[in-house]
There are 2 protein chains.
Amino acid sequence: MTLTTAEENYLKAIYHLSEGGTKSVSTNDVAAEMKTKPASVSDMLRKLGDKQVIEYRKYYGVNITEEGKKRALQTIRKHRLWEVFLVDKLQFAWDEVHEVAEELEHIQSPLLIQRLDAYLNYPKFDPHGDPIPDEYGDVRARPRLALIEMEVDQSGQIVAVKDSSAAFLKYLDKVGAYIGARIKILDKVEFDGSMEILVDQKKTLFMSKDVAANILAIQS
Amino acid sequence: MTLTTAEENYLKAIYHLSEGGTKSVSTNDVAAEMKTKPASVSDMLRKLGDKQVIEYRKYYGVNITEEGKKRALQTIRKHRLWEVFLVDKLQFAWDEVHEVAEELEHIQSPLLIQRLDAYLNYPKFDPHGDPIPDEYGDVRARPRLALIEMEVDQSGQIVAVKDSSAAFLKYLDKVGAYIGARIKILDKVEFDGSMEILVDQKKTLFMSKDVAANILAIQS
DNA sequence: TTATTGATTTAGCCTTGGCTAAAAATAAAA
DNA sequence: TTTTATTTTTAGCCAAGGCTAAATCAATAA
Ligand SMILES: [Mn+2]
Ligand SMILES: [Mn+2]
Ligand SMILES: [Mn+2]
Ligand SMILES: [Mn+2]
């Protein structure tokens with residue numbers, strides 16, 4: 001049973017909103033995420049329910065099924081592989097890839113994805129640090145935490161961003177934060193939650209709590 | 001003014017059927033090419049006429065406009081660049097690329113195509129020997145003729161195929177004909193139009209007139 | 001326990017791109 | 001010139017994905 005482009009986009013949104021299928025999702029939340037109206041979402045949920053990729057009980061949100069999770073992860077895999085291609089091979093900036101990948105992820109060709117994966121040397125993470133599921137939908141997730149959750153004097157390495165909007169990514173470029181950077185928390189300001197971070201043992205960075213909440217790191 | 005995927009496909013079909021905009025095209029011909037019904041074509045022709053990419057007079061075929069030609073050539077450019085990518089970078093066989101390129105050609109991103117073109121080193125021909133229009137829609141076409149039009153003892157080089165179906169391309173692979181091969185006409189059989197060809201000064205190939213009509217060469 | 005409110009669904013409409021069957025126009029034959 | 005055959009268009013229908021407005025349900029407050 002195949003999904004349309006619209007259905008794939010909805011399913012991906014539901015997967016993300018449900019945090020990997022662990023919680024149920026409301027019609028209104030899906031509408032907000034998809035920038036569409038709740039009435040349109042109700043229609044689509046009925047269709048996705050018919051196709052068994054979600055479990056839909058009227059008036060009580062939806063839960064993604066195992067089959068649905070598998071489908072969503074396939075689309076996510078394609079999205080992230082294309083992002084790697086755009087950045088590594090075509091010199092796109094990491095803030096320029098999302099929209100294009102949003103289209104490319106719907107190209108139907110298992111051979112294409114298999115070959116692309118090999119060509120990119122089986123990458124494990126996309127340009128934003130998000131893990132790329134393998135062809136069976138398995139994700140080798142690293143334990144990550146937001147900078148804002150780290151304590152003063154703790155060290156680590158930036159591995160991903162929570163917000164992949166162009167605006168945020170451009171800001172990170174400007175201040176010199178990037179995935180792979182080694183960091184150390186120098187100070188946390190009680191008053192406004194802002195932080196002072198040492199990057200690569202040489203550069204000091206001040207950031208608001210909003211920024212610190214959207215940078216993910218592993219501790220070391 | 002933007003075209004939908006369906007409109008782009010129709011326009012491309014009309015461009016090809018009109019032999020680059022030189023002749024007008026009938027509703028039935030478009031229907032056959034698009035594997036759809038004449039009634040559906042009538043509808044679409046009205047839409048394309050409204051968008052000024054064709055000139056549509058009811059009951060008398062259509063002619064593609066200058067604007068339409070430019071649009072069609074952009075789509076053709078994208079199709080052929082993707083085919084080069086699939087063959088050169090992802091190791092697709094030349095008979096495996098068409099369907100995928102038929103989807104990829106509709107991805108909307110001028111930057112993507114510009115970067116892809118550079119990445120592929122500005123190729124001038126696709127894997128089937130068809131010329132790739134530049135970003136302004138200019139095509140540097142080589143004068144080509146079908147093997148069947150060549151005379152005994154004439155020499156040349158295979159530069160393209162007229163039929164790009166998987167079946168035909170697989171057949172060419174099997175018998176060892178390929179784009180770039182140097183050839184010489186050894187014999188033409190009056191009775192059935194079949195031919196005997198010398199490939200690369202060493203291999204002799206017998207082919208039916210149907211095959212010979214679908215291989216294009218430049219004379220030398 | 002009833003009334004109210006906020007979330008959700010239903011009803012009805014729109015556009016795109018298909019289809020079939022019927023009507024109409026053109027082209028060909030008598 | 002009239003009839004016939006072929007091509008093309010029109011009319012009316014369908015499914016997918018949107019929308020707005022109205023109805024309905026569930027949860028909460030009174
Ligand atoms: Mn998408
Ligand atoms: Mn990403
Ligand atoms: Mn296409
Ligand atoms: Mn080609």
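Each chain gets a letter, A, B and so on, in the order the sequences are listed, and its residues count up from 1. In what follows, every heavy atom counts, from backbone to side chain, and hydrogens, waters and symmetry copies are set aside.
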Where protein sits on nucleotides 6-14 of chain D, one letter per nucleotide: B base, S sugar-phosphate only, - none, heavy atoms under 4.0 Å: -SBBB----
Donor-acceptor contact present, side-chain A:Lys124 to main-chain A:Tyr122, <3.5 Å: yes
Determine all donor-acceptor pairs shorter than 3.5 Å in which one atom belongs to a side chain in residues 32-58 of chain A; sequence neighbours excluded.
from: A:Lys51; atom 1: NZ; to: A:Thr2; atom 2: O; distance (Å): 3.0
from: A:Lys51; atom 1: NZ; to: A:Glu7; atom 2: OE1; distance (Å): 2.9
from: A:Lys51; atom 1: NZ; to: A:Glu7; atom 2: OE2; distance (Å): 3.3

Could you tell me if B:His106 and B:Asn9 have a donor-acceptor pair between their side chains, going purely by distance under 3.5 Å? yes
Which label fits B:Phe85 and A:Tyr119: parallel for a plane angle under 30°, tilted from 30 to 60°, or perpendicular past 60°? perpendicular
Spacing of B:Asp50 atom CG relative to C:dT15 atom C1', expressed in whole Å: 14 Å
Can you pull out how bent the helix from C:dT1-D:dA30 to C:dA30-D:dT1 is, comparing the axes over its first five and last five pairs, to 10°? 20°
Qualifying residues under ring-ring contact (aromatic ring centres under 6.0 Å, His included), relative to A:Phe92, sequence neighbours excluded: none
Once you round it to whole Å, what is the distance between C1' of D:dG17 and CG of A:Asn9? 12 Å
Rounded to whole Å, the CG-C1' distance (B:Leu48 to C:dG17) equals 12 Å
Just by distance, no angles: are the side chains of B:Asp210 and B:Ser208 close enough, under 3.5 Å, to form a donor-acceptor pair? no
Of all residues at least two apart in sequence or in a different chain, which pass the ring-ring contact (aromatic ring centres under 6.0 Å, His included) check with B:His128? none
A:Leu11 CG to D:dA16 C1': how many Å, rounded? 17 Å
Taking CE from B:Met44 and P from C:dG17, how many angstroms apart are they, rounded to a whole number? 4 Å
Just how far, in rounded Å, is C1' of D:dG17 from CD of A:Glu7? 10 Å
Here the distance between atom P of C:dG17 and atom NE2 of B:His106, to the nearest Å, is 12 Å
Pairs of donor and acceptor atoms involving the side chains of residues 160-167 of chain B, under 3.5 Å and at least two apart or interchain, shall be tabulated with distances.
from: B:Asp163; atom 1: OD1; to: B:Ser165; atom 2: N; distance (Å): 2.7
from: B:Asp163; atom 1: OD1; to: B:Ser165; atom 2: OG; distance (Å): 3.0
from: B:Asp163; atom 1: OD2; to: B:Ser165; atom 2: OG; distance (Å): 3.4
from: B:Ser165; atom 1: OG; to: B:Phe168; atom 2: N; distance (Å): 3.3

